[in-house]
Amino acid sequence: PFEGVAWTPRPPQGPPQGCFTCIAKPPALRQASPVLSPSSAVYLMESKSCKGDSLRPAVPCKHSVEKKTMTNPTTVIEIYPDTTEVNDYYLWSIFNFVYLNFCCLGFIALAYSLKVRDKKLLNDLNGAVEDAKTARLFNITSSALATFCIILIFIFLRYPLTDY
């Protein structure tokens, strides 16, 4: 049926260029103009899925053009650890510093409480937890020793050593 038609071999093609969306769908055929000869119209119909067609200009993939012009559309969500759960024992440290400052332990507890607050602002959760444990230890020690000394003072005021 195709007498007199000369077939030209296609040049070897590499992998198809473009995104998956454009490769999966064949390009839309244009209306055949009446100026084309029958042999070129057959060639056009034969090569409808070929992107490197010599009769049809190569149309760049619209998706690859979008990728080149768009910036990276990824969304970055930074999740910080919840530092509100780390107790800094600040009020307890101030009370120990002002009222129960036994051998300056209240002052040391206050210093560690301030370090906890600084590390919470810097989102250093591990450092804040460690300093909170140290501040709690110094607060417990200061409170216990000061309470023990106050109890001893009351005992010695009630029962002076001269009675023994």
Side-chain angles (χ1 to χ4, degrees), residues 10-31 47-164:
R10 291 187 188 149
Q13 292 182 345
Q17 300 294 323
C19 66
F20 180 75
T21 308
C22 292
I23 294 171
K25 296 178 185 176
L29 291 176
R30 289 191 217 152
Q31 285 283 2
S47 61
K48 77 177 189 180
S49 64
C50 177
K51 287 192 178 271
D53 203 357
S54 61
L55 296 176
R56 195 173 42 234
V59 179
C61 171
K62 68 177 182 175
H63 300 99
S64 64
V65 172
E66 289 175 3
K67 287 179 186 175
K68 290 178 186 174
T69 57
M70 288 176 45
T71 59
N72 193 358
T74 58
T75 303
V76 177
I77 299 173
E78 295 182 11
I79 300 174
Y80 294 108
D82 190 17
T83 58
T84 57
E85 295 178 9
V86 180
N87 196 354
D88 57 3
Y89 305 107
Y90 187 67
L91 293 176
W92 190 11
S93 298
I94 288 177
F95 179 78
N96 281 339
F97 177 65
V98 173
Y99 295 109
L100 307 174
N101 197 10
F102 183 80
C103 295
C104 294
L105 291 177
F107 175 72
I108 297 170
L110 181 63
Y112 275 103
S113 295
L114 293 173
K115 282 178 68 173
V116 171
R117 286 196 168 192
D118 291 342
K119 289 185 179 182
K120 281 171 58 174
L121 286 176
L122 296 174
N123 290 321
D124 181 14
L125 187 62
N126 294 332
V129 168
E130 292 297 320
D131 286 341
K133 288 178 183 178
T134 308
R136 184 181 65 196
L137 177 71
F138 278 113
N139 277 323
I140 289 171
T141 306
S142 177
S143 298
L145 289 176
T147 305
F148 180 70
C149 287
I150 290 172
I151 290 173
L152 280 179
I153 289 172
F154 281 133
I155 288 175
F156 283 124
L157 286 176
R158 177 75 175 111
Y159 304 106
L161 287 176
T162 57
D163 292 346
Y164 299 109

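For D131, the side chain to side chain donor-acceptor pair (under 3.5 Å) criterion is met by K119, not counting sequence neighbours. Evaluation of the ring pair (Phe, Tyr, Trp, His ring centres under 6.0 Å) rule for F107 yields F97 as partners, not counting sequence neighbours.
Residue pairs meeting the salt bridge (Lys or Arg N to Asp or Glu O under 4.0 Å) criterion with at least one partner in residues 98-114, sequence neighbours excluded, do not occur; the list is empty. Contacts classified as ring pair (Phe, Tyr, Trp, His ring centres under 6.0 Å) and involving residues 108-145 (residues at least two apart or in different chains) are given here: Y112-F138. Sorted by first and then second residue, the salt bridge (Lys or Arg N to Asp or Glu O under 4.0 Å) pairs involving residues 87-114 (not counting sequence neighbours) are D88-R117. Among pairs with a residue in residues 143-156, those fulfilling side chain to side chain donor-acceptor pair (under 3.5 Å) read W92-S143, N96-S143, at least two apart in sequence or across chains.
Smallest separation of non-hydrogen atoms from C104 and N101: CA-OD1, 3.1 Å. For L100 against S142, the heavy-atom pair with the smallest separation is O-OG, 2.8 Å. When every heavy atom of A128 is checked against every heavy atom of V86, the shortest pair comes out as O-CG1, 3.8 Å.
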### Query
Would F95 and L91 count as a side chain to side chain contact (heavy atoms under 4.5 Å, CB included) if you check the C-alpha gap in whole Å, the side-chain angles of each, and the deciding distance to 0.1 Å?
CA-CA 6 Å; F95 179 78; L91 293 176; over 6 Å; no
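Here the CG-CG distance, from D124 to D118, works out to 11.0 Å after rounding to the nearest 0.5 Å. Here the straight-line distance linking atom CG of L145 with atom CD1 of I140 works out to 11.5 Å at 0.5 Å rounding.
Just one of I151, L152, I150 meets the side chain to side chain contact (heavy atoms under 4.5 Å, CB included) condition when paired with F154; it is I150.
Remark: the backbone N or O of A111 is not paired with any side-chain donor or acceptor of S93 at under 3.5 angstrom.
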